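Working notes, beginning with the structure itself.
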Amino acid sequence: MHDYHIQYTDVRKDDHLAGYYAWMNFKSYRKIAAESFKPFFERYACTGSGLVLGTAQKELIRAAKEIFDINPVRVDTACEQPHIRLTTENNGEAETLPGSFAIKTTTGAITVTGQDESGVLYGVFNLIRSIGLGQTPEQAQKSESSKVELRLYHHWDMYKSGESLVLNTGTWAGRSIFFKNRELVTDDMTQIRDYARLLASVHINALCLNNVNVPIREMRLMTEEMLPHVARIADTLREYGVRLFLCIHFAAPVVLGALGTADPLDEGVKKWWSDIADTIYRYIPDFGGFIVKADSEGEPGPFTYGRDHVDGANMLAEALKPHGGIAIWRCFVYDCHMDWRDRTRDRAKAALECFQPLDGKFADNVILQTQNGPFDFQPREPVSTVFSGLSKTNQAIEFQIVQEYTGRQTHICYLVPLLKEALDFDTYSKGEGSTVASVVDGSLYNLPHGGITGVSNICDDEYWTSHPIAQANFYGFGRLTWNPQLSSEEIAREWISLTFGHEKKIMDILLPFMLESRELYEGYTAPLGIGWMIVPEVKYGPDVDGYEYTPWGTYNYADRDGIGVDRTKETGAGYTMQYNSPVCDLYNNIETCPDELLLFFHHVPYTHKLHSGKTVIQHIYDAHFESLDRVVQFREEWRSLEGLIDPHCFELVDKRLGMQITDATDFRDVVNTYFHRFSGIDDEKGRKIYQ
Ligand code: GCW
C-alpha cells in the first residue's frame, strides 16, 4: 500500500536559507524599499525602557542594516533631524487596548506610539512590513488595535515528537522545535528566539508548549524538576511579548502528587493545584495559564468524580486567579465509543449539549475553547453551534493550522478562507451581525476574555512548516487573530510579496491557486461536507469507508441509493436545531442548504440535483477529476517560475506538487470508483473510472 505517513523535509540548519526568516527576510526587501525611508533610518529615539521595547529597537536597527545598510545612531527626542521615534507615551495617538499602536509620519520623524511595549514592537514590525510591501513613509501611517485579547499558537508537541514519526499524538507538522532528541531544549535559544520574532511579527501573543494529550513526562513540565528549563523558553518568548501556556493533565494530582484523588472539589486537590500555580509563577511571572482537554478521548476529567466541567475548570481558574492566569477549557467533549448502528445519537450535537447547561457558571478567568466545526478540523464543516449557544461564558475558537486533515504539509492548502468562513459566520444569537468573531473577542456579550487559537504547523525544518507555502497559513493565522476583518486575498498578497518579492508573474500564478487550494483539496478528497474518507490513524490518503464502522461517530452512510447524514429535525438527529433562526431553517431545509454542506446535513440520492445544477454523483466525479487537473496545471505554471524563485524553494515545492498529484490521483480513483460501483451511474463526460 502507498505510504501515507508524514514526509519530512531535510533539516538544513547549516545554511540559513531565506526560508528560515520566512516573510521577515529583511534583506529581500531591499529591491522594493522606498528611498524616502532612508533619512529616517539614520537615527532613532526611544522613550521608555523595558525588555520588549529593547527588542523593538533591535528590530529597527536590524531593518536599518539589512534593508538600507545603515547603522542608526540613537538620538534624543528633541532631535531635529529626521529620525524614527519609538514611544510608549500614548497621548491619544494609539488606542488603549493592549498592543495598540500608531505610526505617524511628519517631515521630521516617523513616530511609532505604542499603548504598551508590545504595541511599539508591533508598530515597528508594521513599519518594516510597509517597507517590504513597497509603501512610502506616508503610506505606512496607521493606527491599529485588536479586540482579540488572546492570540495563541498551540504546539501539539511532545517529547516523543522530538525525534520520531508521530501518528495519533504529537505534532502533525514534523519534529518539534522545543523537544529535541527526547529532551526539552534548554541551551541554545536562537531558534526559539527567531521563532518568537515570527510570532510577534504577526502579533501572536501567546504560545502553548505541549500537546493537549499529556503523558507523564509532559506533566512534569509544571514541576520544580522542569520549570527552570521551561522558564528559559518563557524568558525567550517574553522578549517578543509572547506569554507561555501549558497543557495539564487533570489527574496530575494522582499521577504526580500521590493524592488518592483528583476530585476538583476535594480541598487537598485544590491546594495541590494552587501550590503548582504558585510554583509556576515563581519561575514564570507572566505565565498565561493552563489549557485542558478533560473527559475527552480518554483524557481524565471531572466526570470520574461525579463532577462537571464547571467544577473542574473553576478549580483550576481559582488556582491561577491570584496570579492573573487563565484556564482554557476545551469543548472537544464527545463519546468516542459510538455505535454506528445507533442512528439516534450524533457526535455533532455533543459539545453544545454538554456546555450549554453550564453557561454562566464558569469563573471569569475561564475561557471555553471550541474547534471551528462540530467534528474535528475537516476540510469543510459547518461552524460549531457552541458559538451560537452560549452567551455568558468567555469563548475562544480553535483552528487547526497544521494540516492534519488538510493535506499533511504535503499539499498546498491555504487555510485562511476556511478561517474566515468561521469568523465571519453569523450566529444570529443577538440578531443579525452576531458574528463568531464578535463572540470570541468578547464584544458581543461584553465578556472579559476571548481569543483565537491555532494548532501550530511549526516543526524543526528549514522552512519551519515542511512545505514552504504552508508558511502562509502561519502568517495568515496570525494576521487574522489580530484583525479578523482582513480578507483572504489581502493576506495572501502580503505574504507572497514579503516572501517571494514583487515579481508580477509570481503573484499572477501563485495567488489564484492559493485562494482555490482549500476547495481543490476538498474537491479531490471528500464531497459536499461529508469529510472523513481517509485512512484512519494516519488521517491521510483515500479510504471512503475508513471511519464507517468505527466508534468515532464520523459516518457517511453511503449505500447504493445515496449518501449523507440526516441531521434534520424531522427525520434525523436534529443537529440543525442547535443553530439560531434563520440558520437552523437554512440548513434544515434541503432546498436552502448550501451545496458545500449538503451531505453534512442531509441524506440524499445520488441523483439529487444541487443548486449548481449538477447531480450529487456528477459533482463527485467532476470535483475529483477537475481538482486534480487544476493541480497538474498549476505544477506546469509553477515550473514556469523557475529562475524567479530561490532554486531550493522552487525544487522543494515542485517535488511536493509531485507528491500532491500522486496522492490526489489516488483520491480521485478510489473515491470515484467507490461511488461508481455503489451507484452504477456513469460519468456523463465519459472519463476513466476504474472498475
Ligand atoms: O482527532 C484528534 C486528533 C488528535 C488530537 C485530538 C484533539 C491532540 O487526531 O491529534 O489530539 O483530536 O483535538 O484533542
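Fair warning: this is a prediction, and the values are worked out from it, not measured in the lab. Just follow the structure's listing: the first ligand is 1, and inside any ligand the first atom is 1. Values below: all heavy atoms of this structure, side chains included; hydrogens, waters and symmetry mates excluded.
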Taking distance alone, with N or O pairs closer than 3.5 Å, would you say Trp156 contacts ligand 1? no
Which of the ligand 1 atoms, numbered from 1, are nearer than 4.0 Å to a heavy atom of Trp172: 9 (O), 10 (O)
Are Phe290 and Trp273 close enough that their ring centers fall under 6.0 Å? yes
Gln371: numbered ligand 1 atoms lying under 4.0 Å from its heavy atoms: 13 (O)
Check: Thr525 and Pro542 side chains under 4.5 Å, non-hydrogen atoms: no
Under 4.0 Å, heavy atoms only, figure out whether ligand 1 is touched by the backbone of Trp552, its side chain, both or neither. neither
Numbering the atoms of ligand 1 from 1, which are under 4.0 Å from a heavy atom of Lys539? 1 (O), 3 (C), 9 (O)
Atoms in ligand 1 with a heavy atom of Asn213 nearer than 4.0 Å: 8 (C), 11 (O)
Pi-cation contact, Tyr557 with Arg343 (under 6.0 Å, within 45°): yes
Indicate yes or no: at least one non-hydrogen side-chain atom of Ile233 is less than 4.5 angstrom from one of Ile192. yes
Classify the ring geometry between Phe245 and Phe287 as parallel (under 30°), tilted (30 to 60°) or perpendicular (over 60°). tilted
Have a look at Glu537, Glu299, Arg330 and point out the one with the heavy atom closest to atom 13 (O) of ligand 1. Arg330
Going by the angle between their ring planes, with limits at 30° and 60°, are Trp552 and Tyr334 parallel, tilted or perpendicular? tilted
Measure up the His155 and Phe178 rings against each other and bin them: parallel (under 30°), tilted (30 to 60°), perpendicular (over 60°). perpendicular
Numbered atoms and elements of ligand 1 in range of Tyr405, under 4.0 angstrom, heavy atoms: 1 (O), 9 (O)
Please identify which atoms of ligand 1 are closer than 4.0 Å to at least one heavy atom of Asn211. 8 (C)
Decide whether the shortest distance between a heavy atom of Gln400 and an atom of ligand 1 is less than 4.0 Å. no
Lys NZ or Arg CZ of Arg217 over Tyr159 ring: under 6.0 Å, within 45°: yes
For the 3.5 Å polar cut-off, considering only N or O atoms, please tell me whether Lys293 and ligand 1 meet it. yes
